[in-house]
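Reviewing the structure listed below.
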Amino acid sequence: MLASQIRELCEPGRQYTFMEVCGGHTHTIYKHGLEDYLPEAVTLVHGPGCPVCVIPMGRVDDAIDLARRPGVIMTSFGDMMRVPGGQGSFLDAKAAGADIRMVYSPLDALKIARMNPDRTVVFMAIGFETTAPSTAMTVLRAAAEGLSNFFVFCNHVTIIPAIKAILDSPDQRLDGFIGPGHVSTVIGCRPYEFIAREYGKPLVCAGFEPLDILQSIHMLLRQLADGRADVENQYTRVVPWDGNRTALDVISRVMEVRPFFEWRGLGFISQSALRMREAYAAYDAEVLFDVPGVRVADPKACQCGEVLKGVLKPWECKVFGTACTPETPIGTCMVSSEGACAAYYNFGRFTRSRHKETSRT
Amino acid sequence: MCLGIPGEIVELLPGPTELATVDVVGVRRAINIGLLGEQGVRPGDWVLVHVGFAMSKIDEAEAAATLALLTGLGQAYTDELEALAESDIT
Ligand code: SF4
């Protein structure tokens, strides 16, 4: 029903390319084979919205360097454990004796600090605006308790500059965006308005169920058919138009925008990440330690940058599924279940596009 | 980490720490509710939980639909639930 309405909205002879910004959407799309429900004229490309995927190798090496210092307990989310740096991953460093612990929440890391007053506990914070408020709240809590052995190695990134970088990149040919769901519960829909206004592209914030995504694609095509470019919210059940004021306030109390930050595969993007404010320097691992700030070029074979920009499909990367698998990832997109390569590796191998691709080669 | 898992508020914990007990498919854990701001929560309310923090209030139907979707994710969901079960926020 929805599928035929989508078909009807497609102008004959016209091709439509939409980017789903968020890795959660990528996962749903491959898991449910959504591309099979779409007309040939509609192509979905994956965006940079997987927080693990965008961590550059150098930051992993920096974190491992911190983890190896005497007395340090390094903590981070489970997703970080396999992310390859230039010198291996957290798992490798742990096997070599570093005290690296997986936590579910930054508050768990705080508890480790409380229970180990003679150790230095570092939380490697990653994620978009979805997780930044949690890190910020945890820092406020550490301050309220007067803890002096809890530090944040802040790697939070912000979604808007990444979308802007993609819009500005010369090889992009996008007709619209399926906007991220969870990030938008925090930032709301307003920050996307420039995409419609300045770039003339529609964006629809979408939920994570297969129907949500199909409906969002329908809304995008509707706008294009009407000659409009607006920001619309398909996920009103969860996403308030103005976002979560409390969460935004907490972020800006504790963190400020960095002048620039390196993204895996995308290079340096200005004002695209957060660091701790000076007022909270006492909790900033980058102030406490002299972080080496290593820069490591991505491995030659790795094409994560192209995948993150939606220029390449995962299976078009030369090492996909051979040298690069979820067990032995070369690139980051293969690590987290939200990464496009991992999602495609796990679910997507039998979809229409793959058939098309293999029959062409 | 990006998965928002629906949980039902069981009890608000006293004190300045803004914690509440939630029930996530039978697992009871403390989470922080400080990011919900003014709207607050009461026992019986449903919230989406990200890395130990309630991020938004949802209704029961949305909670059920999200749970069904997450269950279909397989490993990623099991990992997240295990991590949550091991979590010990105080
Ligand atoms: S297959 Fe591996 S190296 Fe290639 S883009 Fe995907 S994650 Fe990166």
What part of [X] is in contact with chain A, defined as an atom under 4.5 angstrom from a non-hydrogen atom: side chain, backbone, both or neither?
X: B/E86; result: neither
X: B/A65; result: both
X: B/E18; result: side chain
X: B/I31; result: neither
X: B/S87; result: both

Between A/N244 and B/L35, is there a donor-acceptor pair closer than 3.5 Å when you use the side chain of the first and the backbone of the second? yes
Side-chain contact, heavy-atom cut-off 4.5 Å: [X] with [Y]?
X: B/I58; Y: A/V238; result: yes
X: B/M55; Y: A/V186; result: yes
X: B/N32; Y: A/L107; result: yes

Return the option, out of A/K111, A/M80, A/R114, A/M102, with the maximum number of heavy-atom pairs under 4.5 Å with chain B. A/K111
Assert top hit (heavy-atom pairs under 4.5 Å, partner chain B, pool A/P240, A/P133, A/G24, A/S134) equals A/S134
Which is it for A/R237 and B/D59 under the side chain to side chain contact (heavy atoms under 4.5 Å, CB included) test, yes or no, and what are the steps along the way? CA-CA 8 Å; A/R237 321 192 293 277; B/D59 65 25; over 6 Å; no
Which bit of A/R245 comes within less than 4.5 Å of chain B, counting heavy atoms only: side chain, backbone, both or neither? neither
Using non-hydrogen atoms and a 4.5 Å limit, figure out which bit of A/T185 sits close to chain B: side chain, backbone, both or neither. side chain
Over 12 non-hydrogen atoms of neighbours within 6.0 angstrom of [atom1] in [X]:
X: B/R28; atom1: CZ; value: no
X: A/R141; atom1: CZ; value: yes
X: B/E60; atom1: CD; value: no
X: A/R101; atom1: CZ; value: yes

Looking at every heavy atom in both B/T66 and A/E209, which two are closest together, and how far apart are they? N-OE2, 4.2 Å
Between B/G37 and A/T246 the two heavy atoms that sit nearest each other are CA-OG1, 3.2 Å
So how far is it from [X] [atom1] to [Y] [atom2], rounded to the nearest 0.5 Å?
X: A/H182; Y: B/L48; atom1: NE2; atom2: CG; answer: 6.0 Å
X: B/L70; Y: A/F208; atom1: CG; atom2: CZ; answer: 10.0 Å
X: A/M115; Y: B/D88; atom1: CE; atom2: CG; answer: 8.0 Å

The side-chain contact (heavy atoms from CB on, under 4.5 Å) partner of B/F53 among A/T135, A/T130, A/T138 is A/T138
